[in-house]
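Since this is a predicted model, take the numbers as computed values, not measurements. Order of the sequence lines sets the chain letters (A, B, ...), proteins ahead of strands, with each chain counted from 1.
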Protein chains: 2
Amino acid sequence: MGRIDQLNKAFESRVRLGIMSILMVNDWMDYKAFKEQLDLTDGNLASHISGLEKLEYITVRKRFIGKKTNTSYKITALGKREFQSHINALEKLLNSF
Amino acid sequence: MGRIDQLNKAFESRVRLGIMSILMVNDWMDYKAFKEQLDLTDGNLASHISGLEKLEYITVRKRFIGKKTNTSYKITALGKREFQSHINALEKLLNSF
DNA sequence: TAAAAGTGCTTTGAAAAACAAAGTTAATTT
DNA sequence: AAATTAACTTTGTTTTTCAAAGCACTTTTA
């Protein structure tokens with residue numbers, strides 16, 4: 001029986017789902033790439049990212065590429081676990097039919 | 001490539017996901033059963049149900065069992081299509097890893 | 001038969017979340 | 001010097017979530 005309380009509230013939004021599933025396959029993904037791939041405004045992306053950061057599901061790396069600033073994000077071990085178990089719960093819920 | 005804009009906003013919440021996946025397998029499901037299975041308050045359940053009703057993803061049937069009122073819900077053809085395609089989009093998104 | 005309880009809501013209202021637009025800092029290219 | 005880019009933050013609006021209370025109606029119980 002799939003139970004909805006096993007789904008993680010942090011992953012309910014499409015934006016979060018998108019961010020996390022990108023980070024499941026890409027080791028470091030940078031801000032600009034997210035913005036383009038997910039077609040988000042700065043404010044929207046930044047707030048979702050900082051939400052996931054606060055939960056420690058992703059980490060940030062700031063550096064310079066040449067002389068330009070570059071900010072990238074990586075999924076944490078915790079983030080991976082939580083996302084994976086969210087997916088499992090989703091599948092359980094949906095595979096009841 | 002899974003694109004987040006193919007996910008249906010109407011199905012983002014855990015409650016909606018729960019309602020819809022129950023209705024994918026149960027032909028008619030009644031109010032009280034939803035309330036118990038999903039562990040929701042009346043207000044919460046009713047508002048999600050009326051949202052799905054407004055979108056015509058579910059229909060209502062009111063009748064008497066004995067002399068008691070009984071309200072049940074059924075998924076519509078549209079609801080089934082939309083939910084299915086939401087699931088497909090979800091799977092596409094998540095199967096990119 | 002009066003009071004309590006149940007069903008299925010609607011209304012109210014508070015809190016949280018989503019989101020866009022504009023502003024910001026610091027550097028960079030033109 | 002002016003315009004552009006990166007990566008945000010701030011502000012403010014709209015939407016969503018959700019619980020609590022109220023309500024109409026019926027049924028059960030004392």
Does S47(A) or T69(A) map to a spot on DNA chain D nearer the 5' end, using the closest nucleotide for each?
-> T69(A)
Which part of the nucleic acid, if any, lies within reach of K62(A) when heavy atoms closer than 4.0 Å are counted: base, sugar-phosphate only, or nothing?
-> sugar-phosphate
Could you give the CG-to-C1' distance, from L40(B) to dT17(D), as a whole number of Å?
-> 11 Å
Interatomic distance, D30(A) CG vs dT5(D) P [rounded to whole Å] = 16 Å
Calculate the interatomic distance between I49(B) atom CD1 and dT17(D) atom C1'; express it in whole Å.
-> 15 Å
Kindly say if Y73(A) contacts the phosphate of dC8(D), meaning a side-chain N or O under 4.0 Å from OP1 or OP2.
-> yes
Between dA18(C) (P) and F11(A) (CZ): distance, integer Å = 13 Å
Any H48(A) side-chain N or O less than 4.0 Å from OP1/OP2 of dC19(C) = yes
Hey, does S13(A) reach any base, or is it just sugar-phosphate, or nothing, if we go heavy atoms under 4.0 Å?
-> sugar-phosphate
Determine: side-chain N/O of K68(A) to OP1/OP2 of dA6(D), distance under 4.0 Å, yes or no.
-> no
N or O in side chain of K9(A) less than 4.0 angstrom from dC18(D) OP1/OP2 = yes
Nearest-nucleotide check on DNA chain C, S50(B) vs K67(A); residue mapping nearer the 5' end is S50(B)
Give a yes or no on whether a salt bridge exists between D30(A) and K32(A), defined as a side-chain N under 4.0 angstrom from a carboxylate O.
-> no
Within the structure, does a side-chain N or O atom of N44(A) lie under 4.0 Å from either OP1 or OP2 of dA20(C)?
-> yes
Tell me which of F64(B) and A46(A) sits closer to the 5' end of DNA chain D, going by the nucleotide each one is nearest to.
-> A46(A)
